Amino acid sequence: MIVPNGITLLGTVCNAISNAVPYALWLARGTDQYLVDLSDSLGQAGDSGLTGLACHGERIYAAVQSGPAARILILDRSLAPVGTIASPEFADIHSIHVAGDSLIVCSTGARSVVRVNLTDHSVTKLWACDANIHLNAACFDAEDLLICCHYASHVVPKAVDGGVINASRRQVALVGLLQPHSLLRYKNTFFVLDSDGHRVIQFDHSGVRRQQFLPGFLRGLTVCDGSLFVASSAGRIISRKNPVVPSSREFWDMEAEPVRIYELDEATFQLRAKHTPLVAGFEIYELLALAGPDAVSPPPERLVVPDIYAIARAYYEAAKRALVR
């Protein structure tokens with residue numbers, strides 16, 4: 001793993017097994033990579049990892065994937081937890097994005113998007129839907145709210161498969177995608193991952209401007225200093241609930257889908273490098289890149305050097321327990 005000089009790359013892991021949950025935040029800088037020890041605030045009953053990740057000022061925000069206690073951790077630049085944002089409006093949080101002095105939060109379990117004021121942590125509902133959709137990302141296009149979801153036609157009948165729709169105007173923005181994730185506004189365009197279609201796409205109001213095909217299930221995207229980082233994980237057939245390969249597939253089928261981070265040229269989408277991170281799980285959910293040598297300064301006691309053998313052993317034990325049941 002070699003991250004370009006001056007960049008710190010953070011990643012969240014979702015659907016982690018219980019003993020890996022406190023280490024669901026991953027960090028890479030230069031040739032070094034670590035698991036961040038968040039055991040002082042992550043690992044409550046029902047916690048299963050981290051999803052959304054965002055930065056605003058001197059604070060980093062990480063969404064906790066949890067059934068009974070969905071919440072957002074507030075970390076300082078030493079990656080120490082300094083607070084928590086909780087609300088009855090939170091249910092199975094997927095993504096969080098910064099908009100001005102607020103966080104835009106996808107409360108996927110409630111099929112709604114809420115705004116969190118970062119000054120007083122008050123919560124306002126922006127949009128809600130009764131239809132059966134899987135909402136996973138949202139951002140603003142000027143005053144319009146764009147949402148990225150599966151089953152987009154349940155909201156906009158003209159939408160095909162999954163994609164991005166303008167929820168404010170109930171119009172199509174970009175559709176025909178397979179289980180899309182990671183909608184990101186960038187300058188005057190947008191990035192989105194066609195997760196099961198194996199594409200990273202840049203689009204604007206005129207349509208697709210650029211795309212690149214990449215192997216694996218794509219989820220997690222960030223841009224920094226001319227580099228576009230895209231995370232790829234194993235296909236959605238194994239998880240904390242089913243940590244074994246289905247009988248219809250062989251182990252080596254899964255071996256061909258390792259967790260990877262692809263580094264592309266932001267302007268051309270040309271592949272610069274393939275990175276193989278050591279994360280505590282099968283599934284990266286989000287990436288966040290921060291520029292500058294002092295972007296984060298965690299103390300050594302908060303960082304754990306990942307051990308591939310320990311990680312493999314943890315999943316082997318989880319698979320055995322699943323088979324016993």
Side-chain angles (χ1 to χ4, degrees), residues 1-12 26-31 33 52-56 60 95-100 104 136-142 144 146 148 162-164 166 172-233 259-277 284-296:
M1 183 84 199
I2 303 175
V3 177
N5 188 42
I7 294 178
T8 296
L9 191 60
L10 298 173
T12 58
W26 168 88
L27 179 152
R29 186 163 45 196
T31 59
Q33 56 178 313
L53 193 59
C55 180
H56 182 270
I60 294 170
S95 76
I96 53 179
H97 294 284
V98 172
I104 306 305
N136 56 58
C139 68
F140 279 107
D141 178 10
D144 290 347
L146 301 186
C148 175
V164 181
N166 186 317
V172 167
L174 180 71
V175 293
L177 311 184
L178 302 176
Q179 298 189 42
H181 290 83
S182 306
L183 175 65
L184 175 69
R185 182 181 178 88
Y186 183 70
K187 297 180 180 178
N188 294 318
T189 68
F190 301 89
F191 289 123
V192 70
L193 297 179
D194 184 9
S195 302
D196 210 27
H198 319 297
R199 292 184 297 166
V200 53
I201 298 171
Q202 184 178 22
F203 70 98
D204 59 16
H205 296 138
S206 65
V208 175
R209 291 182 51 175
R210 187 175 290 111
Q211 64 178 324
Q212 175 67 281
F213 287 86
L214 297 170
F217 188 86
L218 307 180
R219 190 173 54 186
L221 175 152
T222 189
V223 187
C224 188
D225 284 355
S227 290
L228 171 64
F229 298 94
V230 177
S232 171
S233 303
V259 176
R260 279 211 177 103
I261 296 176
Y262 295 96
E263 183 185 343
L264 310 179
D265 182 278
E266 172 263 315
T268 66
F269 275 24
Q270 292 300 304
L271 181 64
R272 287 179 172 175
K274 299 178 184 178
H275 305 295
T276 304
I284 292 179
Y285 193 89
E286 194 58 273
L287 296 176
L288 175 66
L290 302 172
D294 301 318
V296 293

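From a predicted model like this one, the values you see are computed outputs, not experimental measurements.
For the pair Gln211 and Ile201, the minimum side-chain heavy-atom distance is below 4.5 Å. Residues Val296 and Ile60 meet the side-chain proximity criterion, which asks for heavy atoms closer than 4.5 Å. Taking the side chain as every heavy atom from C-beta outward, Ile104 and Phe140 approach each other to under 4.5 Å. Contact annotation: the side chain of Tyr186 never approaches that of Cys139 to less than 4.5 Å [non-hydrogen atoms, C-beta and beyond]. In this structure, Val259 and Trp26 have side chains that are not in contact, with every pair of non-hydrogen atoms separated by 4.5 Å or more. His181 places none of its side-chain heavy atoms less than 4.5 Å from the side chain of Leu218. Contact annotation: the side chain of Val164 approaches that of Phe203 to within less than 4.5 Å [non-hydrogen atoms, C-beta and beyond]. Inter-residue side-chain proximity for Tyr285 and Ser233 is flagged as unmet; no heavy-atom pair is nearer than 4.5 Å.
When the shell of 6.0 Å around CD1 of Ile2 is examined, it contains 12 or fewer heavy atoms from other residues, nucleotides or ligands.
The distance from atom CG of Leu214 to atom OG of Ser232, rounded to the nearest 0.5 Å, is 7.5 Å. Taking CG of Leu9 as the reference point, atom CD1 of Ile261 lies at 5.0 Å (rounded to 0.5 Å). Put simply, OG1 on Thr8 and CG on Asp294 are 9.0 Å apart, with the number rounded to the nearest 0.5 Å. Put simply, CZ on Phe217 and NE2 on His198 are 9.5 Å apart, with the number rounded to the nearest 0.5 Å. Within the model, atoms CG of Leu264 and CD of Gln202 stand 11.0 Å from one another, a figure rounded to the nearest 0.5 Å. A distance of 6.0 Å separates CD of Glu286 from OG1 of Thr12, quoted to the nearest 0.5 Å.
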Requested in this report: Check the pair Leu287 / Leu53 against side chain to side chain contact (heavy atoms under 4.5 Å, CB included), numbers first and verdict last.
Outcome: CA-CA 7 Å; Leu287 296 176; Leu53 193 59; over 6 Å; no
Query raised in the report: Under the side chain to side chain contact (heavy atoms under 4.5 Å, CB included) criterion, do Asp141 and His205 qualify, and how do the steps go?
Result: CA-CA 10 Å; Asp141 178 10; His205 296 138; 2.5 Å; yes
Query raised in the report: Can you list the steps and then say if Arg199 with Leu177 is a side chain to side chain contact (heavy atoms under 4.5 Å, CB included)?
Result: CA-CA 9 Å; Arg199 292 184 297 166; Leu177 311 184; 3.3 Å; yes
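Taking both residues in full, the closest heavy atoms of Ser227 and Glu263 are given as OG-OE2, 3.1 Å, listed atom of the first, atom of the second, then distance. What you find for Gly100 and His56 is that their closest heavy atoms are O-NE2, 3.2 Å. Contact record, Gln33 with Thr276: NE2-O, 4.1 Å, taken as the closest heavy-atom pair. Shown here for Ile7 and Cys224, the closest heavy-atom pair between the two residues is CD1-O, 3.8 Å.
Side-chain atoms of Ser182 come within 3.5 Å of backbone N or O of Gly220 as a donor-acceptor pair. Without hydrogens or angle criteria, His275 side chain to Ala231 main chain gives no donor-acceptor distance under 3.5 Å. Looking at Thr222, its side chain does come within 3.5 Å of a backbone N or O of Ala289 through a donor-acceptor pair. A donor-acceptor pair under 3.5 Å is absent between the side-chain atoms of Asp265 and the main chain of Arg272, judged by distance alone. Looking only at distances, no side-chain donor or acceptor of Arg260 sits under 3.5 Å from a matching main-chain atom of Gly216.
Counting only N and O atoms by type, the side chains of Ser195 and Gln179 include no donor and acceptor under 3.5 Å apart. The closest side-chain donor-acceptor pair between Arg209 and Thr189, if any, does not fall under 3.5 angstrom.
In this view, Asp204 and Ser206 satisfy the side-chain hydrogen bond (donor to acceptor under 3.5 Å, both in side chains) rule, not counting sequence neighbours.
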